[in-house]
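First the structure, in the form of structure tokens, and then the observations on it.
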Amino acid sequence: MKSSAQKILHEVFGYAHFRGAQAEIVEQVANGGDALVLMPTGGGKSLCYQIPSMMRHGVGIVVSPLIALMQDQVDALLQAGVKAAFLNSSLDAQAARRVEQQLLNGELDLLYVAPERLLTGRFLDLLAQSDIALFAIDEAHCVSQWGHDFRPEYRELTVLHQRFPDIPRIALTATADAPTRREIIERLSLDDARQYVSSFDRPNIRYTITQKHDGKAQLLDFLQDHRDEAGIVYCLSRKKVEATAEWLSAKGFTALPYHAGLDNVVRAKNQQRFLREDGVIIVATIAFGMGIDKPDVRFVAHLDLPKSVESYYQETGRGGRDGLPTDAWLAYGLGDVVSLSQMIETSEAPMERKRLEKQKLDALLGFCETIQCRRRTLLFYFGEDYKSVCGNCDNCLNPPKTWDGTLAAQKALSAVFRTGQRFGAVHLVEVLLGKKSERISQFGHDKLTVYGLGKDQSETQWRGIFRQLVAMGLLAVDMEGFGGLSLTEASRVVLKGERSITLREEQDAPKTSKQARAAEQSKDRATAKAKKSGFEIPENDEPLWQALRTARMAIAKQQGVPPYVIFHDATLLEILRVKPQSLDELADITGVGATKLERYGSAVIEVMAEF
Ligand code: ADP
Ligand code: ZN
């Protein structure tokens with residue numbers, strides 16, 4: 001073996017310690033064993049194959065389905081002084097030949113290849129003539145026909161095992177569920193692989209789910225804590241993506257739209273700016289995110305409900321890969337539930353599929369309305385037993401108040417029943433509040449016993465009650481029509497008084513965003529430490545922080561890579577804290593390996609000297 005794992009970790013990558021199971025996995029693969037690695041996004045999967053590739057003779061072949069990601073990974077490795085290259089359709093024939101020659105000459109430590117390229121007879125022959133350290137199969141869940149990332153070529157990767165039985169293989173994925181895991185083992189013939197299953201917790205992500213009164217104003221409030229930070233805002237429709245991006249731009253943010261309907265060139269450019277500039281917000285449909293491994297996404301905001309708990313986990317998981325504090329924020333209301341239900345119902349999918357999607361939506365609603373720790377609930381959904389409460393979600397930080405809502409639930413359910421089980425929440429709330437409207441008199445709803453029966457609660461409270469009853473499965477949303485609510489089997493028990501209902505207290509909608517802001521601020525003062533989740537720069541260090549970021553940006557531009565490929569925020573923060581004055585001192589900072597020290601060390605020390 002060429003060099004020890006610990007030495008490479010420190011000298012090349014500039015890290016002091018392995019994380020979690022990394023050390024064991026590296027040892028297993030470096031010794032020639034197979035491994036199946038399940039680790040969440042940001043867990044540190046890459047080192048698990050990069051380091052063994054450098055320890056063993058020959059080149060590590062990495063199968064990766066995402067062209068953009070290969071480029072990024074190779075850029076980062078080259079910056080760390082590792083001999084890496086990629087082969088995919090973005091290279092012209094001549095460039096591809098050059099890489100192939102490097103492979104044959106044994107000049108590479110790592111080679112990233114797209115699966116369709118790898119499977120060509122020509123490439124397999126090249127491999128047969130080369131010295132190979134290992135095969136790494138990244139995003140291994142792509143073998144699964146049931147997942148959203150299914151790639152048929154992945155299923156043919158067993159050829160690697162057949163043709164090169166003695167070369168160790170390591171498969172990696174951030175998809176947690178047991179069926180996918182079984183499918184990976186079976187499809188890739190990994191029966192003898194050791195399995196490494198990490199917790200899927202993302203401790204640095206703070207989850208907050210709030211009722212939607214005025215989505216845009218609430219988003220703006222949320223963003224006040226995230227000025228100049230990179231983040232993603234998810235919306236359901238293309239139209240809303242564009243409107244939101246425009247609106248945020250008018251409010252002084254750098255916000256760019258991204259959805260499948262945009263011109264390819266525009267879309268690629270917006271993505272590129274998000275990756276390469278500091279502090280860009282991307283406003284996107286779910287078309288965005290796959291293959292983005294920007295480490296410093298500081299927040300993920302949802303202006304609409306995601307489709308399922310899995311989607312929520314995936315989408316929020318794109319934040320905070322670097323391990324620094326990150327906010328996941330979602331605002332939702334009953335309107336979202338109605339529109340998602342309708343989308344499911346009116347889709348072309350077969351009945352079976354619709355039922356499944358409806359179940360997933362219900363599970364998501366349960367998650368949104370829970371009064372338990374969000375993290376615990378989320379991980380439980382993935383079959384993980386999180387022992388305590390996290391202290392880093394809205395429910396832990398501000399435990400919701402609950403009340404006995406049995407009587408209110410009965411009133412709401414009777415209002416549904418008396419009006420014929422076909423009206424939506426807006427109308428039902430008006431009836432309960434005894435309001436006058438043309439519709440109410442037209443249908444004679446002012447003659448009903450429930451008319452004006454709910455004056456003891458505010459409009460917001462009633463909206464919240466209906467939303468929670470839907471989430472509890474006590475009301476069903478009519479999906480074909482216009483969001484009319486109807487009773488379910490379970491609601492009869494409540495109407496008969498045989499079941500009591502605990503509800504979560506709603507906060508009344510602030511009138512304007514300014515009032516909301518004031519309310520937030522007074523709350524902030526009360527919980528000063530707990531509130532802001534993003535990392536904070538001490539005021540007197542702010543000029544140095546900006547100078548370091550400027551220097552990093554200049555180097556990145558000159559190298560043609562995103563700034564985080566030069567130094568992560570975590571590295572800059574440590575520099576800010578330690579204030580190294582010499583190259584020797586800088587060498588001890590996490591993320592500063594020998595090559596980066598040599599190339600950029602003096603630039604950093606120069607900046608330090610000015611402060
Ligand atoms: P994944 O592929 O699992 O999403 P990455 O391999 O991209 O995760 O790693 C996530 C981040 O953590 C990267 O920024 C990486 O540099 C950093 N990292 C990984 N391992 C370590 C370690 N042992 N010490 C410090 N940072 C690490
Ligand atoms: Zn919690």
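No hydrogens, no waters, no symmetry mates; every other heavy atom, side chains included, goes into these values.
For the ring pair (Phe, Tyr, Trp, His ring centres under 6.0 Å) with F299, the lone residue among W329, F253, Y234, F222 that qualifies is F222.
For P40 against A174, the heavy-atom pair with the smallest separation is C-CB, 4.1 Å. M39 approaches S198 most closely through the heavy-atom pair CG-OG, 3.2 Å. Annotation for V494 and A409: closest pair CG1-CB, 4.2 Å, computed over non-hydrogen atoms. Shortest non-hydrogen contact noted between R374 and C393 is N-SG, 3.4 Å. The heavy-atom pair separating N395 from T370 by the smallest distance is ND2-O, 2.9 Å. Pairing each heavy atom of D296 with each of D322, the nearest pair is CA-OD2, 3.5 Å.
Side-chain contact of E139 with T173: a donor-acceptor pair under 3.5 Å is absent, judged by distance alone. R238 and Y258 form no side-chain donor-acceptor contact under 3.5 Å, judged by distance and modelled atom types alone. Side-chain N/O atoms of S144 and E183 include a donor and acceptor closer than 3.5 Å.
Salt bridge K435/E459: present, at least one basic N to carboxylate O contact under 4.0 Å. No salt bridge links K436 with D446; every basic N to acidic carboxylate O contact stays at or beyond 4.0 Å.
By the 6.0 Å and 45° rule, R467 stacks over the aromatic ring of Y332.
Separation of the Y313 and F382 ring centroids falls under the 6.0 Å cut-off.
Here side-chain hydrogen bond (donor to acceptor under 3.5 Å, both in side chains) pairs that include residues 415-430, with residues two or more places apart or in two chains, are H427-H445. Sequence neighbours left out, the pairs with a member in residues 261-287 that pass salt bridge (charged side-chain N to carboxylate O under 4.0 Å, His left out) are R273-E277, D278-R552.
If you take CG on D72 and CD1 on I67, they are separated by 13.0 Å, rounding to the nearest 0.5 Å.
The ring pair (Phe, Tyr, Trp, His ring centres under 6.0 Å) search around F274 returns F288, not counting sequence neighbours.
Sparse packing is recorded around NZ of K307, with 12 or fewer heavy atoms of other residues, nucleotides or ligands lying under 6.0 Å away.
Classified by interplanar angle (parallel below 30°, tilted 30° to 60°, perpendicular above 60°), the ring pair Y207/Y312 is tilted.
A 4.5 Å side-chain heavy-atom check between T41 and R318 finds every atom pair outside the cut-off.
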